[in-house]
Each structure stands twice: as structure tokens, then as C-alpha cells.
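On a predicted model such as this, the values are computed, not experimentally measured, just so you know.
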Amino acid sequence: MLAVETAESLIFQAVQTPDAAIELEFVPLLEAVDRILAAPVSSELDFPHWDNSAMDGYAVRYDDVATVQADRAVVLEVVEAIPAGVAPQKTLQPGQAARIFTGAMLPLGADTIVMQENTQRQGDRVTILIAPRQPGEFVRRRGGFYQAGQPLLMAGIRLGAAEIAVLAAVQCTQVPVYRRPKVAILSTGDELVTPEQPLQPGQIVDSNHYALATLVQQSGAEVLRLGIVPDDPTALQLAMEAAIAQADVVISSGGVSVGDYDYVDRILEELGATIQIRSIAVKPGKPLTFATLPDKLYFGLPGNPVSALVTFLRFVQPALKRRSGLATGWQPNFITAKTDCDLKSDGKRESYLWGKVTFQAGELCFSPAAGGHNSGNLINLAGCNGLARIPIGTTAIAVGSDTSVLLMQGIV
Ligand code: AMP
Ligand code: MG
């Protein structure tokens, strides 16, 4: 039984990051949402593209208005109005101002904006009532936010709303992203049927397929649904071979324990895979096979529904992040929350107790699921969003203590 950290490091070393030279594709902007950028992006444009006004008001020459005081207003001639989106036509001469609006280009000659609240307009004249605090006030300078040619977005970031907006702003309409890894999902077991099939005595529904497909999809990978395979060595070998041929990563559930019908490890060996992990000191989830073939990864997860889900989140999800090209990829999604109950374990394995993380009076709080923590009980996992971690060697975490929680999904 490997320590969790040893298992993590074996998996980490085995996972290839994508090769940008061959695993890159270009997708339109809105198809790039949640994808991983595969090449750095910069822009030939400065941001802002030109000096512009941060206020509705008047563009002026600072020297004309620097002397304004309560009893000494300055009157300027208004020579044009510049709305956003229109290029100024005039160059300001001494004694002149231009009416200007937020986002509009500054006219030549102007260096400062006076906000309209500090002015009084009469016909083609404007009285400046309050002096700007310094030259350049309320001017957004060309290149003040970003200078052309600087690196802007790095390869390996996940593209969310802000990054998609930046890509749009720099007119990158075909976004270079990594190809999504193909992940095959296979369920093993003579007892399994699909949700559509009538249940005969002794049979159960293959729920792992749906849990794993959801998790793989949420990890940003492409799901290949390979269905149910009976506990028959020949059928299983064919199915595993097909899965390995089609996918970058294969995830099977079941058949990795020590039962008479647990064939996965043996078949992997026959297929020439290197088995790196057979069991990990984690609860739930002890039997877990991790094997490698050239450019392929194989995760044989335990069949127990809760074990399959926990081991996916703890070991497979970080691997998929790294395989997807996420530069920060690897970290499992741990947060810290205060437990509202005592948490107990036998201390022999790293243990996970499922429950709900909520905000309570501004703090993250963990409440274990009612009804205990049986790894065969899928039902009481519904409604949970986190797994509290009890480290190996620790037998209790007292109520009110900070606890590390592996997030299964968002907190709200
Ligand atoms: P195994 O790891 O194959 O020994 O299975 C352990 C337990 O998980 C057994 O009770 C199985 O019936 C159950 N199980 C295995 N595969 C699945 C699956 N795909 N969906 C739901 N339960 C499963
Ligand atoms: Mg089985």
C-alpha cells in the first residue's frame, strides 16, 4: 500500500504535458471558454490605443487653467465636441477647450481633462471653476495599461471571462488552445446494467459511468463512453485494448480488488503496461491501479461508487489538469474550512469524509453528511460538495478546527 504522497509523485512523473507543436488547435473565441491556452498571446496595439478621457468634461491645456482659484475662474472657447468613437478635428490653441466624453480621444494640444461638474457652460464658452490637481488629470494615457509587444497571456492558463475579453480586445479571433485529452470510461462488472435496462435480481445500475463522465467533462477533457464490460477476461481484454487505442487516458471502475473476478491488473500486464500503483493508503479507495503505456495512462478505480469518485478527485483530476496543459495543473482542489463536528478515522489511511461546505458568518464551514460514511452508499453523497481530509496517523479532528477539504464542486 503506497502512501498518498508517493502515489501522487508517481502519477505526476508519468503524466506528459501536451506538446504544443502537435496538440494545438485554433477555435473561435466563445469555443475557447474553459480551454487551456496553448501559445502566448501579445498585441501589436497599445492599451489604451490613444490618449483618452476618463470623464465627461472638457479637454484643456493645463497651463491655461492651472491658476484657477475660487475668485479667479478662467473662461475658455469651446472649439468642438468629441464623443467616444470620433476622431478630434482640431488642435487646441491657448485659451481653447473641447467638450469631451468618457472614452473619447484627446485632441492634439490638450493634456488634461476638467470634469464637467467643475465647469459652467455658456454658448461656445466654458468657465473652469476648479483647477485640475495636476497636469494629465483624468487622461488615460496611450499604453498606460499595456504596451504593444509585451507578453499578455501565457500558455497554460485556463480561459475564463476576463481572458476571453482580452483575446477579443486584441482581435485574436482564432484562439490557440491545447487539444482536449480523450478520456475513455469503462465500467466492469457482471452485475451492471444501464439506467435504461430493467433490473434483474442481483443487478445494479452502472452509476459510476455517469459520475465519472460528469467529472471528466468538468475537467475539460473529451469523454469517450465505452460502456459496460462483463467480468470475462476475454471481453475485458478486448474492451481495454480498444479503450487504450482510442484514448489518451483510460478510466475503468471495478475489478481491481482481490476478488476472483478482478482481472484488470492481469490484463494490463498482458497488454504490456507498466503497473506503477496497485493500492494506495487512502479511504475510501484502497485498491487503485495506475499503469502506463507509451503516451497513455490507465486508471483502474475501485468499483464502490464513493471510492471511485473520491479517487478520481484525489488522483485523476490533477493528472487530467496536467495532461490538459494547465500550467498550474496538479494541485487537487483543497480549501480550508472549520469542521462543525468531531471527525474520526482509524488513522491507518488518509481518510475522506464527505459533507457540505457552506459559508457561515463569513467563514467556510464543513458539516459531514448525515447517515455515516459507507463507501458503498452513493445515496448520501448527493448534496455534498466536499471531502474532509483526515491525514494518515490522525485519528480525530476536533469540532471547530481548521480542516483541509477537497472540493467536489463549487461551494454555492
Ligand atoms: P469491485 O471493485 O468490482 O469489486 O466492486 C465493488 C463494489 O462496487 C461492488 O458492490 C459493485 O457492485 C460496485 N460497483 C462496481 N462497479 C460499479 C459501477 N460501475 N457502478 C456502481 N457500482 C459499481
Ligand atoms: Mg466487480
[atom1]/[X]: more than 12 non-hydrogen atoms of other groups inside 6.0 Å:
X    : atom1 : result
E117 : CD    : yes
D295 : CG    : no
E44  : CD    : no
Q16  : CD    : no

Chi angles and distances behind the side chain to side chain donor-acceptor pair (under 3.5 Å) call for T292, Q276: CA-CA 7 Å; T292 49; Q276 313 231 15; 2.9 Å; yes

Test log, rule side chain to side chain donor-acceptor pair (under 3.5 Å), inputs S252 and Y298: CA-CA 8 Å; S252 64; Y298 192 104; 2.7 Å; yes

Quick check: do [X] and [Y] have side-chain heavy atoms less than 4.5 Å from each other?
X    : Y    : value
K321 : N333 : yes
T173 : P28  : no
T127 : V74  : no
L387 : L313 : yes
T102 : S53  : no

Listed once per pair and sorted, the salt bridge (charged side-chain N to carboxylate O under 4.0 Å, His left out) pairs that draw on residues 157-177, sequence neighbours left out: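 Counting only pairs at least two positions apart or across chains, no salt bridge (charged side-chain N to carboxylate O under 4.0 Å, His left out) contact touches residues 157-177.
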
Qualifying residue, where the test is salt bridge (Lys or Arg N to Asp or Glu O under 4.0 Å) with R141 and the options are D46, D51, D111: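 It is D51, the one option of D46, D51, D111 that forms the salt bridge (Lys or Arg N to Asp or Glu O under 4.0 Å) with R141.
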
N385-W354 side chain donor-acceptor pair, cut-off 3.5 Å: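 Distance-only check fails for N385 and W354.
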
Test log, rule side chain to side chain donor-acceptor pair (under 3.5 Å), inputs S367 and D340: CA-CA 6 Å; S367 315; D340 70 2; 2.7 Å; yes

Residues that S207 engages under side chain to side chain contact (heavy atoms under 4.5 Å, CB included), provided they are two or more places apart: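 S207: side chain to side chain contact (heavy atoms under 4.5 Å, CB included) contacts with P305, L378.
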
Audit row: E8, R322, salt bridge (Lys or Arg N to Asp or Glu O under 4.0 Å) steps and yes/no: CA-CA 12 Å; E8 266 190 309; R322 183 168 159 81; over 6 Å; no

Ionic contact status for R99 with E80, cut-off 4.0 Å: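 Salt bridge between E80 and R99, a charged N being under 4.0 Å from a carboxylate O: no.
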
Salt bridge E23-R180, side-chain N to carboxylate O under 4.0 Å: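 No.
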
Just how far is it from atom [atom1] of [X] to atom [atom2] of [Y], taken to the nearest 0.5 Å?
X    : Y    : atom1 : atom2 : value
L381 : N374 : CG    : CG    : 11.5 Å
I392 : T394 : CD1   : OG1   : 9.5 Å
K182 : K296 : NZ    : NZ    : 8.5 Å
C365 : Q360 : SG    : CD    : 5.0 Å
M105 : I100 : CE    : CD1   : 9.5 Å
R389 : T336 : CZ    : OG1   : 10.5 Å

Taking all non-hydrogen atoms of both residues into account, name the closest pair between [X] and [Y] and its distance.
X    : Y    : answer
Q96  : T91  : OE1-O, 3.8 Å
A221 : P181 : CB-O, 3.4 Å
V139 : I113 : CG2-CG1, 3.9 Å

Mutual orientation of the aromatic rings belonging to F299 and F290 [parallel < 30°, tilted 30-60°, perpendicular > 60°]: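 If you compare the ring of F299 with that of F290, the planes turn out tilted.
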
Side chain to side chain donor-acceptor pair (under 3.5 Å) evaluation trace for H209 with R225: CA-CA 8 Å; H209 175 82; R225 304 178 54 188; 2.8 Å; yes

D248: salt bridge (charged side-chain N to carboxylate O under 4.0 Å, His left out) partners, not counting sequence neighbours: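 Listed in chain order: R179, R323.
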
side-chain contact (heavy atoms from CB on, under 4.5 Å) between N52 and L106, intermediate numbers included: CA-CA 5 Å; N52 74 95; L106 238 66; 5.6 Å; no

